[in-house]
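The structure under discussion appears below in the form of structure tokens.
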Amino acid sequence: AEGLTKIAGWIQEDTIDGTLASRSRVNIDPLAVEIQSYTDSGEPGARAILIRGNTFVEREGKWVQATTESDDGTMAYQATMPMRFEALLNPELRAAGTNPDLTYDVIGHETIDGDAVTVLSLQLSDDAETSNARESRLYVRDDYVVVHTETTFRVNGSNQVRATVLTTIDEPQKIINPRFENDDESGLSSESDQASDEQ
């Protein structure tokens with residue numbers, strides 16, 4: 001968490017068995033995140049922006065602000081995402097939420113995109129019946145930035161690998177607040193507007 005807050009920003013890709021599931025751009029100061037999801041066929045899916053403590057979701061070409069009071073459970077959850085992301089970057093909260101009994105083993109050293117990394121492994125369960133997650137591997141730079149993670153899960157009796165890779169590191173990302181995307185608020189609709197449109 002400390003390592004990430006010391007870099008200007010990054011781009012990360014999340015994959016499932018090698019297939020791109022989402023691409024995120026993160027800027028640290030000011031803190032903002034843009035998340036682009038992808039369908040199983042590789043087509044762009046939903047897009048969300050977390051900025052200034054707010055969540056904006058793109059629906060049918062319009063930006064809708066998510067609120068915790070929303071009748072839509074997904075939107076209500078998305079409204080909490082900025083707070084959750086800030087917690088991920090808070091070293092004290094991360095430490096408090098970490099199980100002190102977990103033990104990582106150093107299993108090697110590699111070079112990723114010119115960066116020397118230490119490879120850590122965590123065995124999560126020896127029994128596939130008691131846990132879906134089996135093993136996590138972290139690839140950590142000397143400044144403690146985790147540039148790559150891989151976690152193996154058991155899904156319907158088969159292994160599934162979920163990975164996160166930082167493809168760009170320590171570069172600020174320009175993320176535009178949807179409220180001011182066109183120098184006014186014409187590109188932003190409220191949830192009530194969205195409901196009216198859907199009716």
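Values below: every heavy atom of this structure, side chains too, minus hydrogens, waters and symmetry copies.
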For residues R23 and I11, report the shortest heavy-atom separation together with the two atoms involved. CG-CG2, 3.9 Å

Give the cluster check for I107 versus L120: same hydrophobic cluster or not, with ILVMFWY residues linked at side-chain heavy-atom distances below 4.5 Å. no

Does a side-chain heavy-atom distance below 4.5 Å link L138 with V119? no

Main chain of E171, side chain of Q173: is a donor-acceptor contact present, judged purely on distance under 3.5 Å? yes

Please tell me if the side chains of I169 and I7 come closer than 4.5 Å, counting only heavy atoms from C-beta onward. yes

With rounding to the nearest 0.5 angstrom, report the CD to NZ distance, E34 to K174. 12.0 Å

Would you say E86 and M81 make side-chain contact, with heavy atoms under 4.5 Å? no

Within the 3.5 Å criterion, strictly below it, is a donor on S22 or D14 matched to an acceptor on the partner's side chain? yes

For T80 and Y77, indicate whether the former's side chain and the latter's backbone hold a donor-acceptor pair under 3.5 Å. yes

Side-chain donor/acceptor of D72 to backbone N/O of T74, under 3.5 Å: yes

By ring-ring contact (aromatic ring centres under 6.0 Å, His included) - contacts of Y38 (at least two apart): none

If you define the side chain from C-beta out and look only at heavy atoms, does anything of I49 sit under 4.5 Å from V33? no

Exactly one of V165, L166, I112 clears side chain to side chain contact (heavy atoms under 4.5 Å, CB included) with Y139, and that residue is I112

Between CG of L31 and OG1 of T5, what distance do you get to the nearest 0.5 Å? 10.5 Å

So, does T39 use its side chain to make a donor-acceptor pair with the main chain of E43 at under 3.5 Å? yes

So does L88 get a backbone contact from the side chain of R94, meaning a donor-acceptor N/O pair under 3.5 Å? yes

Taking C-beta and beyond as the side chain, do L102 and L122 meet within less than 4.5 Å on heavy atoms? yes

Any donor-acceptor N or O pair under 3.5 Å, side chains N177, R52: no

Could you check if a side-chain atom of M75 sits within less than 4.5 angstrom of a side-chain atom of V57, using non-hydrogen atoms only? yes

Establish, yes or no, whether the cationic atom of R162 lies under 6.0 Å from the six-membered ring centre of F153 and within 45° of the ring axis. yes

So do the side chains of V140 and V145 get within less than 4.5 Å of each other, counting heavy atoms only? no

Over all atoms of both residues, closest heavy-atom pair of A8 and N27: O-OD1, 3.8 Å

Thinking salt bridges, do E150 and R137 make one under a 4.0 Å N-O criterion? no

For atom CG of D113, is the number of surrounding heavy atoms from other residues, nucleotides or ligands below 6.0 Å larger than 12? no

Given N159 and R154, is the side-chain hydrogen bond (donor to acceptor under 3.5 Å, both in side chains) satisfied, shown in steps? CA-CA 5 Å; N159 283 344; R154 294 288 291 179; 3.1 Å; yes

Least distance between heavy atoms, Q78 atom then P82 atom: O-CD, 3.8 Å

Reported CD-to-CG distance for the pair E13 and L20, which is rounded to 0.5 angstrom: 5.5 Å

Just wondering, more than 12 heavy atoms not from Q160 lying within 6.0 Å of its CD? yes

Do you know the tightest heavy-atom contact between P91 and E2? CG-CG, 3.3 Å

Report yes if some heavy atom in the side chain of D101 is under 4.5 Å from a heavy atom in the side chain of T103; otherwise report no. no

Under 3.5 Å, is there a donor on one side chain and an acceptor on the other for W63 and Q65? no

Nearest-0.5 Å distance that lies between atom CD in E110 and atom NE2 in H148: 9.0 Å

What residue among I51, V64, L50 forms side chain to side chain contact (heavy atoms under 4.5 Å, CB included) with F56? I51

Test I28 against L89 for side chain to side chain contact (heavy atoms under 4.5 Å, CB included), laying out the working first. CA-CA 10 Å; I28 288 295; L89 297 177; 4.0 Å; yes

Has D17 got a side-chain atom pairing as donor or acceptor with V161's backbone, closer than 3.5 angstrom? yes

When rounded to the nearest 0.5 Å, the distance separating OG of S24 from CH2 of W10 is 9.5 Å

On a heavy-atom basis, the closest approach of I175 and R25 is CD1-O, 3.3 Å

